[in-house]
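Notes follow once the structure below has been shown.
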Amino acid sequence: MKIAVFVSGGGTNLQAIIDNTKTGILKDIEIVLVLSSSPSAYALKRAEENGIKSVVVRAADYPSREEWDNEMAECVKASGAELIVLAGYLSLIGPKTVSMYSNRIINIHPALIPSFCGAGMYGIKPHKAAIARGVKVSGATVHFVNENYDEGPILLQKAVEVLPDDTPETLQKRIMQECEWQILPKAIRLIADGKVTIDNNRAFIRE
Ligand code: GRF
């Protein structure tokens, strides 16, 4: 299966996918495109180092949101990707791209949805909110993407304990290492194997 990975920042989740295509559970998966919302994303360097084609599609460079959305949809179509993986991608996907890739876009969110999600809950913020609320577990969620932030069907979740002396930073790091880098490649595997169905806004995994 061919996939496109959308990024905005450091790209550690992209790296986890790349590593799995080389030595892990994604050896038959080809990353045909890395699309970044920012020209300075370190994720672009990871793509270059691994010989993966990349492109920057930045909303600010287009006269309207519609044209930006069109360009994005065209880039993915031209790449031949069958699945779009949002891996630390910070923009809301436009309606054309969402409808063209209906049930074929997934996102990783660094909290257990429906907690600490929605507009503005990115980066360190979900972890700050989790600690401020005093939750005893947090984690990460892979979900399908629709036109609203963090609302599509949930595919996978993994939890870790929140420890009494955790800071937002220590919690973020543990969730990335123990949750995000594990469940995002796993979600791609399940979809590539045709094991995922969606019914009534719920995702089901066939064993
Ligand atoms: C991750 O925590 C991801 O869950 C969130 O943004 C962060 C991006 O990290 N959506 P990276 O760019 O993959 O290193």
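When a ligand or atom number is given, it counts from 1 through the structure's own listing order.
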- Backbone or side chain, does any N or O of T12 fall under 3.5 Å from an N or O of ligand 1? yes
- Do S36 and S38 have a side chain donor and acceptor closer than 3.5 Å? no
- Item | Element-labelled atoms of ligand 1 that are located less than 4.0 Å from some non-hydrogen atom of G10 | 12 (O), 14 (O)
- Task: May I ask you to say whether E169 pairs ionically with K173, meaning some side-chain N is under 4.0 Å from a carboxylate O?
- Result: no
- Test: D28 and R189 ion pair at under 4.0 Å: yes
- Item | D19 versus Q15, side-chain donor and acceptor atoms under 3.5 Å | yes
- Message: Do V137 and I183 land in one hydrophobic cluster if side-chain heavy atoms of ILVMFWY residues count as linked below 4.5 Å?
- Response: no
- Query: Nearest protein heavy-atom contact for atom 8 (C) of ligand 1: which residue, which atom, what distance?
  - Reply: G88 CA, 3.5 Å
- Hey, are S8 and S37 close enough side-chain-wise for a donor-acceptor pair under 3.5 Å? yes
- What do you reckon, does N13 have a nitrogen or oxygen under 3.5 Å from a nitrogen or oxygen of ligand 1? yes
- Taking only heavy atoms of M176 into account, list the atoms of ligand 1 that are under 4.0 Å away from them. 1 (C), 2 (O), 9 (O), 14 (O)
- ligand 1 contact by G11, heavy-atom criterion under 4.0 angstrom: yes
- Would you say I108 and ligand 1 have an N/O pair spaced under 3.5 Å apart? yes
- Item | Region of E180 engaging ligand 1 - heavy atom pairs below 4.0 Å | side chain
